[in-house]
Amino acid sequence: MPELPEVETTRRGIERHLHGRRVLALRVRERRLRQPLPRRLERALPGQLIREVARRGKYLLLGTDAGTVLIHLGMSGSLRIVAPGLPAQKHDHVDILCSDDVCLRFRDPRRFGLMLWVEGDPGRHALLRGIGPEPLGAGFDGAYLHAKARGRRAGVKLFIMDAGVVAGVGNIYANEALFRAGIHPQRPAGHVSAARYEALAAAIRAVLREAIAQGGTTLRDFYHGTGEPGYFRIRLAVYGREGEACVGCGRPVRCIRQGQRATYYCARCQR
DNA sequence: ACTGGCTCCTGAGGGC
DNA sequence: TGCCCTCAGGAGCCAG
């Protein structure tokens, strides 16, 4: 269920437990993920010290001296810190057992997620190499989007969901950001003005920041498990509200399909 | 270089 | 209660 704020909330939640811990063993129950779980991961990771818990887009990176564990949660994945003896439930595919009785448990019913082992600079890995700037980092602003959109005829919503354009903007927050910026999701990306891209970049940052701040409220509980990241804590203006009144003008929110994904918008407030 | 369509997989929810 | 259908927050890959 994770978009960038959920992945970041997860990162913060697990970082406090994993940083500086040593991996003792892996317990693998199911290796058939989006790519099969590499045997090399099972061989190389035990014994390593976790030096860093980082995020790039929607990927999580557990950094060690020997290599990096690259994790993606797909559509249905989650990570939590559990006690090592806690019985595994269905779809709990991998445990990473660490020192001090810390166990990182990876669960993913749909198995669109990923857990890989990367040696060397993870930024050069094929899955990370082509990813655009972090929306909350330097190098992401309206001027960047405007330049990148030159000549693109696809709808601006598909454009901002392209990981090569900007990292980690998924369906919910693409819908919400376009509503806040007052831009119609089907407007060709190359036909959005520089000024409106400034507004859109600001809206993307704002909606992601708010969602992360809200998700953070659940962090305290991360350890014994009830702390699922707070997906629904942020009040959504358009996503999932087809037919309901637009919070801006009161007209019904519309739902269409773009690239097989649901797009929600207000035809009056978004042009 | 872009674009749209297809694909992996399980589970939830609606209609009948 | 059960069956069948559609849909779901991702994103890599492919042909055109």
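Just so it is clear, the model here is predicted, and its values are computed rather than measured. Every chain is numbered from 1 and lettered A, B, ... according to where its sequence line falls, protein lines coming before strand lines.
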K.L.:
Locate the shortest heavy-atom distance separating A:Ala149 from A:Ala189; write the atom from each residue and the value.
P.N.:
CB-O, 3.4 Å
K.L.:
Kindly compute the distance separating CG (A:Leu86) from CD1 (A:Ile81), expressed to the nearest 0.5 Å.
P.N.:
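It comes to 12.5 Å.
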K.L.:
Please enumerate all residues that pass side chain to side chain donor-acceptor pair (under 3.5 Å) together with A:Asp65, with sequence neighbours excluded.
P.N.:
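Partners of A:Asp65 by the side chain to side chain donor-acceptor pair (under 3.5 Å) criterion, ordered by chain and then number, come out as A:Arg51.
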K.L.:
Quick one: closest heavy-atom pair of A:Tyr239 and A:Asn171, and the distance?
P.N.:
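So the minimum-distance heavy-atom pair works out to CE1-ND2, 3.9 Å.
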K.L.:
To the nearest 0.5 Å, what is the distance between OG (A:Ser78) and CD (A:Glu6)?
P.N.:
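The distance works out to 12.0 Å.
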K.L.:
Rounded to the Å, how far apart are A:Gln260 CD and C:dC7 C1'?
P.N.:
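My rounded result for the distance is 13 Å.
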K.L.:
To the nearest Å, how far apart are A:Arg111 CZ and C:dG10 C1'?
P.N.:
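Value for this atom pair: 16 Å.
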K.L.:
For nucleotides 11-16 of chain C, give me one character per nucleotide, 5' to 3': B if any protein heavy atom sits under 4.0 Å from the base, S if the only such contacts are to the sugar-phosphate, - if neither.
P.N.:
SS----
K.L.:
Give the intermediate values and the outcome of salt bridge (Lys or Arg N to Asp or Glu O under 4.0 Å) for residues A:Arg56 and A:Glu134.
P.N.:
CA-CA 7 Å; A:Arg56 179 77 176 96; A:Glu134 287 293 321; 2.8 Å; yes
K.L.:
At under 4.0 Å between heavy atoms, what does A:Arg107 touch on the DNA or RNA strands: base, sugar-phosphate, or nothing?
P.N.:
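Nothing: the residue A:Arg107, judged by heavy atoms under 4.0 Å, touches no strand.
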K.L.:
Quote, to the nearest angstrom, the P distance that separates B:dC9 from C:dC3.
P.N.:
23 Å
K.L.:
Taking CG from A:Leu236 and C1' from C:dA8, how many angstroms apart are they, rounded to a whole number?
P.N.:
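In whole Å, C:dA8 C1' and A:Leu236 CG are 15 Å from each other.
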K.L.:
Using the P atoms only, state how far C:dC7 lies from B:dG5, rounded to an integer number of Å.
P.N.:
15 Å
K.L.:
Dot-bracket for DNA chain C, 5' to 3', counting Watson-Crick or G-U wobble pairs under 3.5 Å, with [ ] for crossing pairs and | for inter-strand pairs?
P.N.:
.|||||||.|||||||
K.L.:
C:dA8 C1' sits how many Å from A:Phe112 CZ, rounded?
P.N.:
9 Å
K.L.:
Mind listing the closest non-hydrogen atom pair of A:Ala174 and A:Met161 along with its distance?
P.N.:
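Closest pair (atom of A:Ala174, atom of A:Met161, distance): CB-CG, 3.6 Å.
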K.L.:
Quick one: how far along DNA chain B does chain A reach, first to last nucleotide 5' to 3', anything under 4.0 Å to a heavy atom?
P.N.:
B:dC2 to B:dG11
K.L.:
In Å, rounded to the nearest 0.5 Å, how long is the span from CD1 of A:Ile50 to SG of A:Cys98?
P.N.:
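A:Ile50 atom CD1 to A:Cys98 atom SG measures 4.0 Å (nearest 0.5 Å).
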K.L.:
Please list, one pair per line, the donor and acceptor atoms closer than 3.5 Å that link side chains of residues 199-210 of chain A to other protein atoms, with sequence neighbours excluded.
P.N.:
residue, atom, partner, partner atom, Å
A:Arg205, NH1, A:Phe140, O, 2.7
A:Glu210, OE1, A:Arg180, NH2, 2.9
A:Glu210, OE2, A:Arg180, NH1, 2.9

K.L.:
Kindly say if A:Tyr239 contacts the phosphate of C:dG9, meaning a side-chain N or O under 4.0 Å from OP1 or OP2.
P.N.:
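Indeed, a polar side-chain atom of A:Tyr239 lies that close.
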K.L.:
Taking only residues two or more places apart in sequence or in another chain, which ones pass side chain to side chain donor-acceptor pair (under 3.5 Å) with A:Glu242?
P.N.:
none
K.L.:
Is the backbone of A:Gly123 close enough, under 3.5 Å, to the side chain of A:Asp121 for a donor and an acceptor to pair up by distance?
P.N.:
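Yes: the side chain of A:Asp121 pairs with the backbone of A:Gly123.
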K.L.:
With DNA chain B as reference, determine whether A:Arg152 or A:Lys90 sits nearer its 5' end, using the nearest nucleotide of each.
P.N.:
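Nearest-nucleotide comparison on DNA chain B picks A:Arg152.
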K.L.:
To the nearest angstrom, how far is A:Tyr173 atom OH from C:dG10 atom C1'?
P.N.:
15 Å
